[in-house]
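My structure is below; once you've seen it, I'll send some questions.
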Amino acid sequence: MKLHIRVIAPDRTVWDANAEEVILPSSTGQLGILAGHIPLLTALDIGVMRVRIEKEWQPIILLGGFAEVENNNITILVNGAEQASDIDISEAQDNLDTATKILAEAKTNKDKIEATQNLRKARARVQAATVLNT
């Protein structure tokens with residue numbers, strides 16, 4: 001039995017394929033879904049979604065949203081998403097270093113919130129690129 005997974009961003013469908021397993025970055029932690037999972041609606045955090053097709057894991061960066069699981073169909077509505085294959089790992093690492101410095105230097109609450117979001121996105125890109133290159 002397989003899962004059908006669709007990842008939909010405001011401007012495009014990012015992913016539409018069958019898989020054996022998916023691990024989602026839910027707002028309460030990592031959430032693994034296999035075929036036959038009970039119906040579920042969950043908020044998603046910024047992080048890496050991992051999809052297992054055959055024996056291979058495919059990482060996709062999700063920039064927050066919601067996921068609905070029902071009858072082996074997973075519909076994921078996200079604010080944005082990126083394919084890990086589009087990421088240059090050295091550039092992603094540089095962006096992570098920069099985001100870390102900006103957060104450390106942030107003065108106002110607004111700047112700290114924005115810097116934290118950018119740091120989480122940068123961290124997810126590095127994590128996804130690392131998973132893809134191992």
Under 3.5 Å donor-acceptor, Thr13 side chain and Trp15 backbone:
no
Could you report the tightest heavy-atom contact between Pro10 and Asn79, atom names first, then the distance?
CD-O, 3.5 Å
Please examine the side chains of Ile33 and Leu31, heavy atoms only from C-beta on, and report whether any two atoms are closer than 4.5 Å.
yes
Nearest heavy atoms of Val48 and Gln127, plus distance in Å:
CG2-OE1, 3.6 Å
Would you mind reporting whether Met49 and Ile76 have side-chain heavy atoms less than 4.5 Å apart?
yes
Residues Val7, Val78; criterion side-chain contact (heavy atoms from CB on, under 4.5 Å); working and verdict
CA-CA 7 Å; Val7 178; Val78 293; 4.0 Å; yes
Rounded at 0.5 Å granularity, tell me how far CZ in Phe66 sits from CG in Leu44.
8.0 Å
So NZ of Lys112 and NZ of Lys110: to nearest 0.5 Å the spacing works out to 14.5 Å
In the structure I gave you, are the side-chain heavy atoms of Leu62 and Pro25 within less than 4.5 Å of one another anywhere?
yes
Would you say Thr100 and Leu119 make side-chain contact, with heavy atoms under 4.5 Å?
yes
For Thr75, does its backbone N or O pair with a side-chain atom of Glu68 as donor and acceptor, under 3.5 Å?
no
Would you name the heavy atoms of Ala128 and Pro59 that are closest together and state the gap between them?
O-CG, 3.5 Å
4.5 Å side-chain heavy-atom contact, Gln30 and Arg50
yes
Can you check whether Ala35's main-chain N or O pairs, donor with acceptor, with Asn72's side chain at less than 3.5 Å?
no
Donor-acceptor pair, side chain of Asp88 and main chain of Ser90, under 3.5 angstrom
yes
Is it the case that the side chains of Asp97 and Gln93 hold a donor-acceptor pair, with the cut-off being a distance below 3.5 Å and no angle test?
yes
Flag side-chain contact, heavy atom, 4.5 Å: Asn73 against Leu3:
no
At what distance, to the nearest 0.5 angstrom, does CD of Gln58 lie from CD1 of Ile5?
10.5 Å
Residue Lys101 excluded, over 12 heavy atoms near NZ under 6.0 Å:
no
State, with a plain yes or no, whether a side-chain heavy atom of Ile87 is found less than 4.5 Å away from one of Ile61.
yes
Starting from Leu96, can I reach Leu103 by hopping between I/L/V/M/F/W/Y residues whose side chains sit under 4.5 Å apart?
yes
I'd like to know if the side chain of Arg123 and the backbone of Arg125 have a donor-acceptor N/O pair within less than 3.5 Å.
no
Heavy-atom closest pair (Gln117 atom, Ile46 atom, distance to 0.1 Å) is NE2-CD1, 3.7 Å
Are any non-hydrogen side-chain atoms of Glu56 and Ile53 less than 4.5 angstrom apart?
no
Regarding Asp16 and His4, is there a side-chain donor-to-acceptor distance under 3.5 Å anywhere?
yes
Of all heavy-atom pairs between Leu34 and Glu20, which one has the smallest distance, and what is that distance?
CD2-O, 3.7 Å
Rounded to the nearest 0.5 angstrom, the CD1-CG distance for Ile74 and Asn71 is 11.5 Å
